[in-house]
Q: 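Below you'll find the structure I mean.
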Amino acid sequence: MTPTTPAAAPVPPAAADHYDGFLAEHYTWMLGGDLRALAAAQRAHLSDWGVVPVVPVPSAGSLAVDLGCGPGHTSLALAESGVDLVLAVDLSQSLLDELSAQAADVPAVRPVRSDLRTALRDLVRPGSANAVVCLGDTLTHLPTRGDVAALLNDIADALAPDGTAVLSYRDLTVPLTGTDRFLPVRSAEDRIMTCFLEYPDDYDDYTVVVHDLIHTRSAPEGAWTLHARSYRKLRLAHAWVLEQCRTAGLRVVREESGGAGGMRTVILRRAA
């Protein structure tokens, strides 16, 4: 009897495909459900980080770029703080359409479908951006660590001399084990979301596979239905990211850690 070769494990889709084809319809709910309330909270964070003034001040010609904007609560926060033009960049057309609907009365927000690996070079004149933000773990969605390093160089090139950049991402280099790999996201009467992290051997320490598990039910007493999809995220060591920032010519002025899922936040300015 001829032995059979085991079938190869399915390759998880790229992050952009995962978001556009699966997660986009749940994303705003996952964040809390109210984009305007999320924007108000984000504006307070942007002010604390020194990106925008505490009191909204219109600034003619000012430019901010929101890389990986998703449904756009950060873009709305930037616009509501007086930024003249906010480029809200994402690859998910579904999320950009949601932002377009929310920002119909906010002309400062311009949704742009673009690859983060080329967006700044394509859209922004060097030295002209007052702020560049890349939040919500977007860095780990890039295909390679080389892409991350290149993006940091693009951010440094795009920033005005007094501009500010903010990055947030999770350091997933230390594998979680056992039940710690199950991360509750949000629950409601009709929807429950959990993430499960898997550390396969095939990519060594380069990526983690994220399994998004969403249970829904159509009626209060109805049966629950499981929807599940997976994708890979980069494992970025915090020390490595900081070193790439310095190499790119970005000076770290503040760091924060903690929050949901162990998020790291780094506030940067162009090195003198």
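Numbers here simply count residues along the sequence, with the first being 1.
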Q: Please report whether the ring centroid of Y231 lies less than 6.0 Å from that of H211.
A: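 Not under 6.0 Å, so no.
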Q: Restricting to non-hydrogen atoms, name the atom on C195 and the atom on M193 that form the minimum distance, rounded to 0.1 Å.
A: SG-CE, 4.2 Å
Q: I'd like to know if the side chain of D84 pairs up with that of S62 as donor and acceptor (distance under 3.5 Å, no hydrogens or angles considered).
A: no
Q: Are H238 and E255 linked by a side-chain donor-acceptor pair shorter than 3.5 Å?
A: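 Yes - a donor-acceptor pair under 3.5 Å links their side chains.
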Q: Any donor-acceptor pair under 3.5 Å linking the side chain of T265 with the backbone of E256?
A: no
Q: Between S94 and D20, do the side chains contain a donor N or O and an acceptor N or O under 3.5 Å apart?
A: yes
Q: Quick check on the hydrophobic clustering: are F196 and L234 connected, directly or via other members, by side-chain heavy-atom contacts under 4.5 Å?
A: no
Q: Rounded to the nearest 0.5 Å, what separates atom CG in L268 from atom CH2 in W49?
A: 12.0 Å
Q: Testing the 3.5 Å rule here: is there a donor-acceptor pair between the side chains of H215 and T225?
A: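 No, no side-chain donor-acceptor contact under 3.5 Å.
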Q: State the CG-CG distance between L139 and L151, to the nearest 0.5 angstrom.
A: 6.5 Å
Q: Decide yes or no for T138 and Y169: does some side-chain heavy atom of the first lie under 4.5 Å from some side-chain heavy atom of the second?
A: no
Q: Distance from L213 atom CG to F182 atom CZ, nearest 0.5 Å?
A: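 Spacing of CG (L213) from CZ (F182) equals 7.5 Å.
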Q: Do you reckon V209 sits in the same ILVMFWY cluster as V174, going by side-chain contacts under 4.5 Å, direct or chained?
A: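 No; V174 is not reachable from V209 via cluster members.
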Q: Taking R121's backbone N and O only, do any of them form a donor-acceptor pair with R125's side chain (distance below 3.5 Å, no angle check)?
A: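 Not a single qualifying donor-acceptor pair exists.
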Q: Would you say R117's side chain and L142's backbone share a donor-acceptor pair under 3.5 angstrom?
A: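 Checking the backbone N and O of L142 against the side chain of R117, no donor-acceptor pair under 3.5 Å is found.
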Q: Tell me if a side-chain donor or acceptor on S100 pairs with a main-chain N or O of L96 at a distance below 3.5 Å.
A: yes
Q: Identify the two heavy atoms, one from G72 and one from L99, that lie closest to each other, and give their separation to 0.1 Å.
A: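 Answer, listing the atom of G72 first, then L99: CA-CD1, 3.7 Å.
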Q: What distance separates T140 OG1 from R170 CZ, expressed to the nearest 0.5 Å?
A: 8.0 Å
Q: Please test R232 against E198 for salt bridge (charged side-chain N to carboxylate O under 4.0 Å, His left out), starting from the C-alpha separation and ending with a verdict.
A: CA-CA 9 Å; R232 289 187 185 272; E198 183 181 11; over 6 Å; no
Q: Quick check: is V185 connected to I192 through a chain of hydrophobic side chains (ILVMFWY, heavy atoms under 4.5 Å apart)?
A: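 Looking at the clustering, V185 is in a separate group from I192.
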Q: Do other residues, nucleotides or ligands put more than 12 heavy atoms under 6.0 Å from R191 CZ?
A: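 Yes, enclosed.
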Q: Given the rule that I, L, V, M, F, W and Y join up when any side-chain heavy atoms are under 4.5 Å apart, are L91 and V112 in one cluster?
A: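 No, it is not one cluster - the side chains of L91 and V112 are not joined through contacts under 4.5 Å.
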Q: Between E98 and Y27, does a side chain to side chain contact (heavy atoms under 4.5 Å, CB included) hold up when you go through it step by step?
A: CA-CA 10 Å; E98 183 178 351; Y27 199 68; 5.8 Å; no
Q: Could you walk me through whether D105 and R36 pass salt bridge (charged side-chain N to carboxylate O under 4.0 Å, His left out), step by step?
A: CA-CA 13 Å; D105 60 344; R36 293 292 180 166; 3.2 Å; yes
Q: Tell me, do T216 and D190 make a side-chain contact under 4.5 Å, heavy atoms counted?
A: no
Q: Kindly give the heavy-atom pair with the smallest separation between G21 and R229, and that separation in Å.
A: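 The answer is O-NH1, 3.7 Å.
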Q: Is R254 salt-bridged to D48, cutoff N-O under 4.0 Å?
A: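 A salt bridge links R254 with D48.
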Q: I'd like to know if the side chain of Y199 and the backbone of L176 have a donor-acceptor N/O pair within less than 3.5 Å.
A: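 Checked: pair present.
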Q: Would you confirm whether D122, through its side chain, and A119, through its main-chain N or O, come within 3.5 Å as a donor-acceptor pair?
A: no
Q: Out of curiosity, L250 CG to I155 CD1, how far, rounded to the nearest 0.5 Å?
A: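 Between atom CG of L250 and atom CD1 of I155 there are 7.0 Å.
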Q: What's the shortest heavy-atom distance between G68 and D90, and which atoms?
A: C-OD2, 3.3 Å
Q: Do V124 and V65 have side chains that approach each other closer than 4.5 Å (heavy atoms only, starting at C-beta)?
A: yes
Q: Got a donor-acceptor contact below 3.5 angstrom from the R269 side chain to the D162 backbone?
A: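 Yes.
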Q: I'd like to know if the side chain of S81 and the backbone of A77 have a donor-acceptor N/O pair within less than 3.5 Å.
A: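 At least one qualifying donor-acceptor pair exists.
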Q: Look at the rings of H18 and F22 and say which category their plane angle falls in: under 30° parallel, 30 to 60° tilted, over 60° perpendicular.
A: tilted
Q: Kindly say whether L63 contributes a backbone atom to a donor-acceptor pair with the side chain of N130 at under 3.5 angstrom?
A: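 Looks like yes, one N/O pair under 3.5 Å.
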Q: For a quick test of reading the model, state the closest non-hydrogen atom pair linking V132 to A129 and the distance between them.
A: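 Reported closest heavy-atom pair: CG2-CB, 3.9 Å.
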Q: Working note: L172 + L197, criterion side chain to side chain contact (heavy atoms under 4.5 Å, CB included); need CA distance, chi angles, decisive distance, verdict.
A: CA-CA 10 Å; L172 299 173; L197 303 183; 4.3 Å; yes
Q: To the nearest 0.5 Å, what is the distance between CG on L23 and CG on D17?
A: 13.0 Å
Q: For a side chain to side chain contact (heavy atoms under 4.5 Å, CB included) check, start with the C-alpha distance between T194 and L183, then their side-chain angles and the critical distance, and finish with the verdict.
A: CA-CA 6 Å; T194 306; L183 308 175; 5.7 Å; no
Q: Testing the basics here: between L35 and P71, what is the closest heavy-atom pair and its distance to 0.1 Å?
A: CD1-O, 3.6 Å
Q: Could you go through the side-chain hydrogen bond (donor to acceptor under 3.5 Å, both in side chains) check for D147 and T144 one step at a time?
A: CA-CA 5 Å; D147 293 322; T144 71; 3.0 Å; yes
Q: Strictly distance-based, threshold 3.5 Å: is any side-chain N or O of R270 a donor or acceptor partner for the main-chain N or O of L159?
A: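 Checked: pair present.
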Q: Do the side chains of I214 and L226 get nearer than 4.5 Å, heavy atoms only?
A: no
Q: Can V241 be reached from V252 by stepping across I, L, V, M, F, W or Y side chains whose heavy atoms are under 4.5 Å apart?
A: yes
Q: Side chains of T173 and R235: any donor to acceptor distance under 3.5 Å?
A: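 Distance-only check fails for R235 and T173.
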Q: Does any part of the side chain of K233, heavy atoms only, come nearer than 4.5 Å to the side chain of D137, both counted from C-beta?
A: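 D137 vs K233: side chains touch.
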Q: Show every side chain to side chain donor-acceptor pair (under 3.5 Å) that has at least one partner inside residues 174-186, sequence neighbours left out.
A: none
Q: I need the single residue from L87, L120, L167 that forms a side-chain contact (heavy atoms from CB on, under 4.5 Å) with L67. Which is it?
A: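 Result for side-chain contact (heavy atoms from CB on, under 4.5 Å) with L67: L120.
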Q: Output, in order, the C-alpha distance, side-chain angles, deciding distance and verdict of side chain to side chain contact (heavy atoms under 4.5 Å, CB included) for C69 and V89.
A: CA-CA 6 Å; C69 65; V89 179; 5.7 Å; no
Q: Is there side-chain contact between V51 and H45, with at least one heavy-atom pair below 4.5 Å?
A: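 Counting from C-beta outward, V51 and H45 never come under 4.5 Å.
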